[in-house]
Every structure is written in C-alpha cells, then in structure tokens.
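Data first, discussion second: the structure below is written as structure tokens.
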Amino acid sequence: MAKRWITVAAAATLVPALLTACGSNGNNSANEGGSANNGNANSTEPVEITILQYAPEMTDAINKLAADYKKEHPNVTITATIHQDDYPTLLKSRINSGDIPDIFMTGAYNENKTYQDYVYDLKDEPFMKNIVDTALPGVTLDGKVLGFPLVLQAHSFVYNKKLFADAGITEMPKTFAELEDAAKKLQAKGVIPFANGYKEWWVLEQTFTQVLASMGGDYAKTFDELNAGDKKLFDIPAASNVFKLIDLTTKYGNPKPLETDLNSQVALFAEGKAAMMHQGTWVEDAVRKLNPNIDMGFMAGPVGDDGSQAGLMVDSNIVWRVNKDSENLKEVMKFLEWMTTSEAGKSFIPVGTKQISTVKEAPFPDAQLSKETQTFLESGVTYPWVKGYWPDGFEQKAGEILQKYIVGGASIDDVKAELNKTYATLAEAAE
C-alpha cells in the first residue's frame, strides 16, 4: 500500500475478563525465516531505541524502564521524548517528514486506520500471547495487530473521601442535580468543589467522551452512521449534556480554569483545596507524590438526569506503535518481549504508573483508583472510550472548540454547529 499524507489540520466495552483473560498467537515473521526478534541476541553494537509519546505522568516510570533495560542490555539506550501539548500535530509532522521514531504512542481503534501504512504488524510476534485478549480489539484492523496496548485506564470524577464526609455527603451523586447539591455543600465548607484543568484540551475532550458514551447501544453502528454523514453528532441526545456538565464544573470550580493545566489541577486536589477533578487512573501517582496519605476514590460520573447511567469510562486506549521501517526493528521486538516477560518490564505500568497493565501475570497496582476500577468492572456501570470511534483529528478539535465555549465567545447552538461541521469534515477526509 502506498504511504498516505497524514492530515495535520483542522470499541468493544472491556469486562472483568480483561484482568484474567488468556490468549495465544502464532509466530510472526518480520523477515523470511523468523520473527523480528530473532536477531543477533549477543550483539554488542550500540543501539538507540527512540520513543515519542504523550502521557507525561509516565516520565519517571519510563526513565526507570530505560535504566532497567540497559542493565540487562548494556548496548541499548532507550531515549523517550514526552510531549503533551499539541502532540498529534507533532507526530504527524514527524511522520510526514520521514523522521519517524522507533516507537510512537497513539490512541487505539480508529487510529489504526490513520497509522496503518507506517506501523509493523505484531500479530504473530510470540510476545503478543502475553497480552490479554480483551485489550486486542482496540489495536486490530483487518486481521493485523497494529499496536502494543499499554494500559487499562479508567476516567470519571476522582473525589476526596474525607472532604466529602466533612461536608456531610453520605451518598454519591449520580445525576447533575445531585452533583450540584454536593458542590454547594462542599462550597459551604470553604472547599472548591471542582479542580478544572481546562487549559488542557484533552481534559474537555474526555469530558465530552464520557457523556457521549452514555448513549449506549451499538457504538460501532452509531459512529458508522455519523462517519457516513447519515446523522449529525448532536442528533445524539446525550451529546448535549456536555454543556450542562461544563457549566456545572465551571460554576463551582477554581478561578481561571483555562489557565489551569494538569499539574495545577492535580495540586489543587492533592492539597485538599478542591474536592473533585474529572480525571483518570493516571493521576494517582502524581497526587500521592504531593499527598501520600490522601483517601480518594472514583465516583460513578453523572452524565445527565438518569442516575442509573452514572458510571466510569474503562478501556485500553493507549498504544505503542512500532515504525515498520525502523532500522532497529529486531531490537524493538526484543524490548517488547522483555516488557511482557521480565519482572521489571511487567512492573512498568502497575508499579511505575499505578495503573492496570494489559500484560498477563503483571502485578496488580497498589492504587486506590485501580482497585475501584476493578470493582466497577465487576459490579458497576462502565463505558468504552468512544473517542476511539471518532475520525482522526477530532479529539483535539473537540477540546479546542469546547475551550471557546468556556471563554464565552460562542453560544451552545454555535458550538454545536461547529462541532457538527468539524466532525463531518474530518469524517469525510478520513474516507
């Protein structure tokens, strides 16, 4: 297939089986006669494996991972560049210029189509048998496995249990009205109800994802209709709830939310100045570095006026993809095999980032949010990260358009029209 120019412009629901599922694959062949990781295992030639990714919360864990790997493979240096702001544009710019790292991070699902011409098929690599089966749909396209799923993540309102108890909140709010009532009680105690990091476009995009996921039903069918232009985004009633939720969080939130980034949002929460933040399992490590003894949990996130729909988004949506033309392909395969078989590799996600790994036999993280995620998977309401069905580029555009709404420069109708138009334009471009 000829390479496509990537435009810089403009899911199956996971179930408890993700934690225990088993699977098997055959042997892949990156070249005739064997898999990509059957290179010279005793090579001492210096090798640098380059990784480009977002997820700055993984910085310390990746540095440790690189150091642990070098102890066992002294000739290999792993260099990770972590870039959060405007990451999709940077990645696509590097791909278009031919400066493709050995490994790069993206989302799952529809991003398989975006990057399919540039990534190596891991389907038959032996180490993929060490990945739980239920993490594979998000990286599978046309029978190919186009990525290495890294982590099971959950997202909803993270809340401070002590601040809730001090405010007399004995039942978790499950509707917008109940959420506002809780916010008033917290505010009366001199606590900021919501820490809002809306300087980060992706925070708003994830807020939109959660309310949109509550539509339920056959997600793939719905998004096929949207992507074909048979319906508009805001023909889905649940989509409009994003405005109610944003209005609620900003009314009872910290000053200047559009000047508040992730670090500031986490600090407000960790220091006990704010009682809630719309975030995910990835923040726990950062919170505990500031406040090791905080008692926090996940709230079943309200998504409207029906309390039975309150739940968590849970999915494996962070992927490492391997540059199929990498000069270090064999070494990359050896590294990924090590990731799934060594104690240090298997500890990267659960110990290093306090999140749930997709690797079988990896330890379970000693983390409150991950433990509560497991409880929700077993007995609560969960939704997939439906942003995986969106056309390429819409995640960032959705967040940026919702930022304009918070500024106050556009009405709800104007924002709906812009989101509808942007979605349709990007969906058509993806065809």
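- Just one residue in the list Met276, Gln279, Met277 forms a side chain to side chain contact (heavy atoms under 4.5 Å, CB included) with Phe269, and that residue is Met277.
- Side chain of Tyr383 to backbone of Gln309: a donor-acceptor contact under 3.5 angstrom is found.
- At a cut-off of 3.5 Å, with distance as the only test, a side-chain donor of Asp86 or Gln396 sits close to an acceptor on the other residue.
- Here the closest heavy-atom approach between residue Lys231 and residue Leu226 is recorded as O-CD2, 3.4 Å.
- Counted by atom type alone, Thr79 and Glu48 present one or more donor-acceptor pairs between their side chains at under 3.5 Å.
- Classification of Glu111 and Arg321 as a salt-bridged pair fails, no side-chain N sitting under 4.0 Å from a carboxylate O.
- Open room surrounds CG on Asp366; 12 or fewer heavy atoms of other groups in view lie less than 6.0 Å from it.
- Checking side-chain atoms of Asn96 against main-chain N and O of Ser93 turns up no donor-acceptor pair under 3.5 Å.
- Taking both residues in full, the closest heavy atoms of Pro391 and Asn110 are given as N-ND2, 4.1 Å, listed atom of the first, atom of the second, then distance.
- Here the closest heavy-atom approach between residue Asn196 and residue Asn254 is recorded as N-OD1, 2.6 Å.
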Stepwise, does the side chain to side chain contact (heavy atoms under 4.5 Å, CB included) test hold for Gln53 with Ile62? CA-CA 11 Å; Gln53 69 167 66; Ile62 276 206; 3.1 Å; yes
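- Between the side chain of Asp102 and the backbone N or O of Ser326 there is no donor-acceptor pair closer than 3.5 Å.
- Although no hydrogens or angles enter the test, the distance criterion places a donor-acceptor pair under 3.5 Å between the side chain of Gln368 and the main chain of Met296.
- By the 4.0 Å N-to-carboxylate-O rule, Glu225 lies close enough to Lys221 to be salt-bridged with it.
- Side-chain contact between Met105 and Val319 is absent, with no heavy-atom pair separated by less than 4.5 Å.
- Not one N or O on the side chain of Asn328 forms a donor-acceptor pair closer than 3.5 Å with the backbone of Ile49.
- Residues Pro126 and Glu337 are not in side-chain contact: their nearest non-hydrogen atoms beyond the backbone lie 4.5 Å or more apart.
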Could you go through Leu204 and Ile406, starting from their C-alpha distance and side-chain angles, then the distance that decides it, and tell me whether this counts as side chain to side chain contact (heavy atoms under 4.5 Å, CB included)? CA-CA 10 Å; Leu204 284 163; Ile406 292 174; 3.8 Å; yes
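- Smallest separation of non-hydrogen atoms from Met128 and Val145: CE-CG1, 3.8 Å.
- Under the 4.0 Å criterion applied to side-chain N and carboxylate O atoms, Lys251 and Asp247 are not assigned as salt-bridge partners.
- The closest side-chain heavy-atom distance from Ser357 to Val151 is not below 4.5 Å.
- Between Asp392 and Lys113 there is no salt bridge, since no side-chain N of the basic residue sits under 4.0 Å from a carboxylate O of the acidic one.
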Show the numbers, then the answer: is there a side chain to side chain contact (heavy atoms under 4.5 Å, CB included) between Val287 and Glu284? CA-CA 5 Å; Val287 170; Glu284 177 154 355; 5.6 Å; no
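- Nearest heavy-atom pair across Asp68 and Ala344 is OD2-CB, 3.8 Å.
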Mind running side chain to side chain contact (heavy atoms under 4.5 Å, CB included) on Gln210 and Trp385 for me, showing each step along the way? CA-CA 7 Å; Gln210 190 155 11; Trp385 288 43; over 6 Å; no
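- Under a 4.0 Å N-O distance rule, the pair Asp306/Lys174 does not qualify as a salt bridge.
- Here Met313 contributes atom CE and Ser214 contributes atom OG; the two are 11.0 Å apart, rounded to the nearest 0.5 Å.
- Between the side chain of Tyr198 and the backbone N or O of Thr250 there is no donor-acceptor pair closer than 3.5 Å.
- Separation of atoms CD1 (Ile356) and OG (Ser370) is listed at 4.5 Å; rounding is to 0.5 Å.
- For the pair Asn112/Val119, no side-chain contact is recorded, criterion being any heavy-atom separation below 4.5 Å from C-beta on.
- Salt bridge status for Lys334 with Glu331: present, with a side-chain N to carboxylate O gap under 4.0 Å.
- For Glu57 (side chain) and Trp282 (main-chain N/O), no donor-acceptor pair under 3.5 Å exists by modelled atom type.
- At a threshold of 4.5 Å between non-hydrogen side-chain atoms, the residues Thr140 and Lys144 do not count as touching.
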Give the intermediate values and the outcome of ring pair (Phe, Tyr, Trp, His ring centres under 6.0 Å) for residues Phe394 and Tyr423. CA-CA 6 Å; Phe394 187 67; Tyr423 189 101; 5.0 Å; yes
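- Between Ser342 atom OG and Phe335 atom CZ the span is 9.0 Å, to the nearest 0.5 Å.
- The structure places NZ of Lys354 at 12.0 Å from CG of Leu369, a figure rounded to the nearest 0.5 Å.
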Checking side-chain hydrogen bond (donor to acceptor under 3.5 Å, both in side chains) for the pair Lys416/Ser240: CA distance, chi angles, key distance, verdict? CA-CA 8 Å; Lys416 284 183 177 180; Ser240 296; 3.1 Å; yes
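- Residues Thr281 and Thr373 have side chains in contact (heavy-atom distance under 4.5 Å, counting atoms from C-beta outward).
- Classification of Lys64 and Asp60 as a salt-bridged pair fails, no side-chain N sitting under 4.0 Å from a carboxylate O.
- Each of Tyr115, Tyr120, Trp320 was evaluated against Phe104; a single residue qualifies, Tyr115, per the ring pair (Phe, Tyr, Trp, His ring centres under 6.0 Å) test.
- No donor-acceptor pair under 3.5 Å is formed between the side chain of Asn227 and the backbone N or O of Ala427.
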Test Tyr118 against Asp325 for side-chain hydrogen bond (donor to acceptor under 3.5 Å, both in side chains), laying out the working first. CA-CA 8 Å; Tyr118 307 94; Asp325 297 320; over 6 Å; no
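- Using cut-offs of 30° and 60° for the angle between ring planes, the Phe208 and Phe234 rings count as parallel.
- The shortest distance between side-chain heavy atoms of Leu329 and Val322 falls below 4.5 Å.
- A distance-only check finds a donor-acceptor pair linking the side chain of Thr207 to the backbone of Val203 [under 3.5 Å].
- Side-chain contact between Ile294 and Asn160 is present, with heavy atoms from C-beta onward closer than 4.5 Å.
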Check against ring pair (Phe, Tyr, Trp, His ring centres under 6.0 Å), Tyr405 and Phe243: CA-CA 9 Å; Tyr405 172 71; Phe243 301 106; 5.1 Å; yes
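- Atom-to-atom distance recorded for Gln206:CD and Asn317:CG is 9.0 Å, nearest 0.5 angstrom.
- Formation of a donor-acceptor pair under 3.5 Å by the Glu372 side chain with backbone atoms of Phe298 is found in this model.
- Counting non-hydrogen atoms of neighbouring residues, nucleotides and ligands closer than 6.0 angstrom, the CD atom of Glu428 reaches no more than 12 such neighbours.
- Here CE of Met339 is found 8.5 Å from OG1 of Thr358. Values are rounded to the nearest 0.5 Å.
- Separation of the His73 and Tyr69 ring centroids falls under the 6.0 Å cut-off.
- A donor-acceptor contact under 3.5 angstrom links the side chains of Lys70 and Thr77, judged on distance only.
- Considering every non-hydrogen atom in both Ile51 and Ile78, the closest pair reads CD1-CG2, 3.7 Å.
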